[in-house]
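By convention here, the first residue in the shown sequence is residue 1. Treat the numbers as computed from the prediction; the structure is a model and nothing was measured. Both backbone and side-chain heavy atoms feed into the values below; hydrogens, waters and symmetry mates do not.
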Amino acid sequence: MSISSLSATIPTTKPFSSSPALTPSSSFLLRLPIKRFSSLSLNASSSKSPLISASMEAGIGVMGTKLGMMSYFDASGAVIPVTVVGFREGNIVTQVKTEATDGYDAVQVGYRRVRDRKLTKPEMGHLEKSGIIPLRHLQEFRLQSVEGFEPNQRLVVEELFKEGDLVDVSGTTIGKGFQGGIKRHNFKRGLMTHGSKSHRQLGSIGAGTTPGRVYKGKKMPGRMGGTKTKIRKLQVMKIDNDLNVVMIKGAVPGKPGNLLRITPAKIVGKNIPKN
């Protein structure tokens, strides 16, 4: 690669041939490949937009309350374990965010009506701006398009989901407190006989000299449960409009009374983009 070819690509105030000696900065530019330098210059000139950490949903969802589990008999007589999810007053659109105003498209939904004194003044002011009743929980659903949504719009479960649809259910798991490695990570215990002194202990957690430390992420005793978890692609078995409940096949996170977030199941390439 010649210096003349680089001078045609890299903008400089003076040609390289006229300078008697190369400066440290110009010698550094000479060592860079042309393709790499061009990409660096383009990235430096363009301003990056702020990243949105929230994931995109396949459609608008609702919030509900876990009531418990029961057995459901389908048309063929098979017994299916289901989770019963009830819906209190709420699931009202409290705010519509657009690309022009907030940098992304999302719909904020409120759930579970409470007394005025249960909320702070900023929360009350946010809801009173659109003339909405006091609601305990507020969650956002990031969508590809927010057309057709407006504040104070009530979301009806039977209009969003049908029997047989697949949904993603997320909630907070039951907290187990501080637990050992056997219960928390399914470790194998030691011998209980033959003079063994190691029954439920964790054992060695690393070598002494090399690496001389404990690797990050090592499975050890600690607090178990109490984390947000999502169970994907659960089937809606039955929607009861009289009782205002939905029966979902299988188990969902949390104990009875916990808040659940139900959204259409995300299938990459079908209802959400691949990237």
Side-chain angles (χ1 to χ4, degrees), residues 51-58 61-72 79-88 109 111-112 114 118 120 123 136-142 166-237 246-268 272:
L51 298 177
I52 305 299
S53 59
S55 61
M56 182 175 295
E57 301 290 354
V62 294
M63 287 176 282
T65 304
K66 180 177 179 179
L67 301 180
M69 295 193 68
M70 60 175 290
S71 297
Y72 174 77
V79 181
I80 301 174
V82 297
T83 301
V84 182
V85 180
F87 299 94
R88 300 187 180 183
V109 179
Y111 175 70
R112 189 180 175 184
V114 293
K118 295 291 185 179
T120 62
E123 292 173 340
R136 165 67 71 186
H137 306 287
L138 298 178
Q139 289 193 12
E140 283 188 2
F141 297 88
R142 189 183 174 201
L166 298 179
V167 294
D168 294 342
V169 182
S170 61
T172 303
T173 58
I174 300 176
K176 304 292 185 180
F178 193 96
Q179 299 297 333
I182 292 180
K183 182 172 182 178
R184 191 184 186 199
H185 301 295
N186 298 320
F187 283 179
K188 181 181 177 181
R189 65 171 175 83
L191 296 176
M192 302 300 289
T193 57
H194 299 286
S196 174
K197 301 292 180 66
S198 177
H199 304 307
R200 297 178 65 91
Q201 287 82 352
L202 185 66
S204 176
I205 59 175
T209 304
T210 303
R213 59 185 178 87
V214 180
Y215 286 117
K216 290 184 178 180
K218 172 65 179 175
K219 294 181 179 180
M220 300 179 68
R223 182 167 296 181
M224 180 181 176
T227 58
K228 184 178 179 181
T229 307
K230 177 184 288 187
I231 309 297
R232 301 192 61 233
K233 297 182 180 179
L234 297 178
Q235 185 178 3
V236 177
M237 301 303 301
V246 173
M247 299 181 185
I248 301 176
K249 183 178 180 180
V252 300
K255 58 184 179 181
N258 275 18
L259 178 70
L260 297 176
R261 174 189 173 106
I262 306 174
T263 58
K266 295 195 292 187
I267 303 176
V268 178
I272 60 171

Closest heavy-atom contact between [X] and [Y]?
X	Y	answer
Gly250	Met69	O-CE, 3.8 Å
Pro211	Ala207	CD-CB, 4.3 Å
Pro256	Gly68	CG-CA, 4.3 Å

Between [atom1] of [X] and [atom2] of [Y], what distance do you get to the nearest 0.5 Å?
X	Y	atom1	atom2	answer
Met70	Thr83	CE	OG1	10.5 Å
Ile205	Arg213	CD1	CZ	12.0 Å
Thr172	Leu260	OG1	CG	9.0 Å
Asp168	Thr263	CG	OG1	4.5 Å
Arg200	Ile182	CZ	CD1	4.0 Å

> Phe141 ring centre to Arg261 NZ or CZ under 6.0 Å, with the angle to the axis within 45°?
Replying inline: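 Yes, Arg261 and Phe141 form such a contact.
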> Do side-chain atoms of Glu123 reach the backbone of Thr120 as a donor and acceptor pair under 3.5 angstrom?
Replying inline: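 It does hold such a pair.
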Taking C-beta and beyond as the side chain, do [X] and [Y] meet within less than 4.5 Å on heavy atoms?
X	Y	value
Lys176	Arg184	no
Val246	Ile262	no
Ile80	Met247	no

>> Using the rule side-chain contact (heavy atoms from CB on, under 4.5 Å), only one of Arg112, Arg136, His137 pairs with Arg88; which is it?
In response: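 Among Arg112, Arg136, His137, the one meeting side-chain contact (heavy atoms from CB on, under 4.5 Å) with Arg88 is Arg112.
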>> Which residues pass the side-chain contact (heavy atoms from CB on, under 4.5 Å) test with Lys188, not counting sequence neighbours?
In response: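 side-chain contact (heavy atoms from CB on, under 4.5 Å) list for Lys188, sorted by chain: empty.
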>> Taking ring-ring contact (aromatic ring centres under 6.0 Å, His included) as the cut-off, I'd like each qualifying pair that reaches into residues 181-235, sequence neighbours left out, listed once.
In response: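 Found His185-Phe187.
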Let me have the donor-acceptor pairs involving side chains of residues 218-236, under 3.5 Å, with sequence neighbours excluded, atom names and distances please.
| residue | atom | partner | partner atom | Å |
| --- | --- | --- | --- | --- |
| Arg232 | NH2 | Lys266 | O | 2.3 |

